[in-house]
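Data block below; observations after.
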Amino acid sequence: MASGRPIVGEKDRSTAIVPIRIAADHIGDREDPRLSDVDEWGRSERTRALARAMYEPIYSKWFRTEWEGLEKIPAEGGALLVANHAGAIPSDAPVIMHGIEKELGRPVYGLADYFFRTVPVIGTLWARSGGVSARPANAYRLLKEQDQLALVFPEGTKGTSKSFTDRYQLRRFGRGGFVEIAMRAGVPVIPIAVIGAEEAMPVVLRLPTVARALGLPYFPITANLLALGPLGIVTPFPAKFKLRVLPPVYFDVPADQDRYSKSRIMEESEHIRSLLQESVYDMLRDRRSVWFG
Amino acid sequence: MSRRVLVTGADTFWGGRMIQALETDPSMGVILGMGTGTPSVPFERAEFVRADQTYSIMNRIVKATQVDTILHTFMITNSSSVPRRAMHEINVIGTMNLLAAAGAAGSSVRHIVVKSSTLVYGSAASDPNTFLEDTPRTSSVRNSVERALVEADGLMRDFAEDNPGTRVTVLRFANVLGPHLTTPISRNLSRPVCPSIFGFDPLLQFVEEDDVVRALLHVTQSGIPGLFNVAAEGRLPWSEVATICGTRLVPLSPFSPLKIRPLARLFDLPPELQDLLRYGRGVDTRRFAATGFTYKATSAGAVQSFIRSLRLRRQTGRQPASYTYEHDVEQFFRHSPSVVGGVED
């Protein structure tokens, strides 16, 4: 094996312009020169800690977030968290990530469209705070090989761009890609039902022409924008957030198959969608006030 | 059994280093270097043959010398080092001639080792976080160096399929940093100011110079066939690389790439580096590690190895080149009956 063999013998050339100094172990035993704690996903726990410190008042004072069944999320091992998605600039993602990291002390990687990566500054901040582009290979690596928690919103922009009149009516769950990934990675899907996000930033009107011109997935006019002007872009209304973690859904199929039955995938995906839809309706039946829960 | 090895690009940095490394292995009986210029480092016992850049005489050389292994280091992985046209000639036509010679009827060649680059994966927003050896590109080829490398890649794949009797090893190296090699990245990092794209801080994976030589030697000696990513452990944000190297980042506008073209010239920013400074690239290295190779340096270690030698050079000045290749002198040492020691010991 070559790796242990010294390449330079006793004949070291003093005249060589490119000396082979492989035997002399001049690298490797030096102290680690890393300065930051950015991991291979671009996530930095230090950045996240700072972001959590800043977000904590919003989480607990503004939204007054309440969880139910948080203990159903495992303390270790991979799991795919699946939630309903709402609000023009959705607050459900940061609330879920913040809550789990705060209560369970383990990181959550948020999967989203790779469009975010192309936006200067936002893309970098997104990656530093745990954002990962939603590619099957990425999800597999996170869930199967690194035993992490990944959060995905199968509705995608169909959920966040829907108007206020359609609130709490879950959109199609894509083509069930999240189920296939969970099957391949051999991890459970843990559905999380969220209420409050719809009222935090309701979409009044959509301007598809403007969106096309700007190259954005959608361009909403929100109630926040009408009420607060430009400040409304970053200010959600203080709706009360309630989250309910549903029991993990296991698929009794072997991991790492080349392909899984498409009908089975669609069936499971629809099943999870209806579980979430039912929970959302159930939680809304108990809700007396949008603002006070 | 004594091996007979032909090394391409013997006059280049990598060819020279590989020949020097092979010379220390006594099982490499015959070492033959091919190059378009003259070697810049002294060879102990390797013979040097001068050829044109597309290696049109490759067929005759292989037949005449009956080499069993070809180590193809002459692949350009940096578009600012040669003109566009030459890039295609070297990477594509050169590889084609090499494979044609190796695959000719009655060829003695049993193993081909190629030094390629992770540039074949490209760098785009839609990329997965980590490329496995068989992960396809997600973006179309956008610059000449990637086009040439992808094309050469295809030639090698076809060759391996058509010639099951010849083992083909392709190593795709990540960006190399080290004490001696000069690349656009190392040139930028050596200056007081270094370009970045505003709002982007990509993760980069490096491999240390010596690990490149060791990896090529590892597969040449062991004869392991296959396609492998070679990159050190860990990834660093570009901003952190700059900080370790003590250079200040100058953010260039992320919009209108046309406008940064003069700056691109000022900063030594070839197109493949402009993409890399936006989205970075990560590759999976488990397959190569499974062949028994261990790295000496991590990605961060490669950056450190580079900056430490740069600091030394800054404080001592560059050593003058102490070796000039003289054809007659080299021939004398190798073939004169008066020479009694040294060359063949």
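In what follows, chains are A, B, ... by sequence order, proteins preceding strands, each numbered from 1. Below, each value reflects all heavy atoms present in this structure, side chains not excepted, and no hydrogens, waters or symmetry copies.
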Heaviest contributor of heavy-atom pairs below 4.5 Å to chain B, chosen from Ala137(A), Gly123(A), Ser36(A), is Ser36(A)
Applying a strict 4.5 Å limit to non-hydrogen atoms, the region of Ala124(B) in contact with chain A is backbone
In short, Asn129(B) meets Glu40(A) closest at the heavy-atom pair ND2-O, 2.8 Å
From the list Thr243(B), Thr298(B), Asp127(B), Leu132(B), the residue making the most non-hydrogen contacts under 4.5 Å with chain A is Asp127(B)
One option among Thr220(B), Val241(B), Val303(B), Leu236(B) has the most heavy-atom pairs under 4.5 Å with chain A, and it is Leu236(B)
* Lys/Arg N to Asp/Glu carboxylate O, Arg141(A) vs Asp284(B), below 4.0 Å -> yes
(request) For residues Phe198(B) and Val121(A), determine if any side-chain heavy atom of one lies less than 4.5 Å from a side-chain heavy atom of the other. (result) yes
One option among Leu35(A), Leu125(A), Thr124(A) has the most heavy-atom pairs under 4.5 Å with chain B, and it is Leu35(A)
Residue pair Thr138(B) / Arg135(A), side-chain heavy-atom distance below 4.5 Å
yes
| request: Measure from the side-chain N and O atoms of Arg117(A) to the backbone N and O of Tyr279(B), and report whether any donor-acceptor pair falls under 3.5 Å. | output: yes
Around Arg248(B), counting heavy atoms of other residues, nucleotides and ligands shown, do more than 12 lie under 6.0 Å from its CZ? no
Rounding to 0.5 Å, atoms CD (Gln304(B)) and CZ (Arg34(A)) come to a distance of 12.5 Å
Distance col, row Phe200(B):CZ vs Thr118(A):OG1, nearest 0.5 angstrom, shows 6.5 Å
Bottom line for Thr135(B): the part with an atom under 4.5 Å from chain A's heavy atoms is neither
**Asked** Given the rule in the side chain to side chain contact (heavy atoms under 4.5 Å, CB included) test, do Trp41(A) and Leu203(B) qualify, once you have shown the distances and angles that lead to the verdict?
**Response** CA-CA 8 Å; Trp41(A) 302 97; Leu203(B) 297 175; over 6 Å; no
Bottom line for Asp113(A): the part with an atom under 4.5 Å from chain B's heavy atoms is neither
Turns out that what part of Ser222(B) lies under 4.5 Å from chain A's heavy atoms comes down to neither
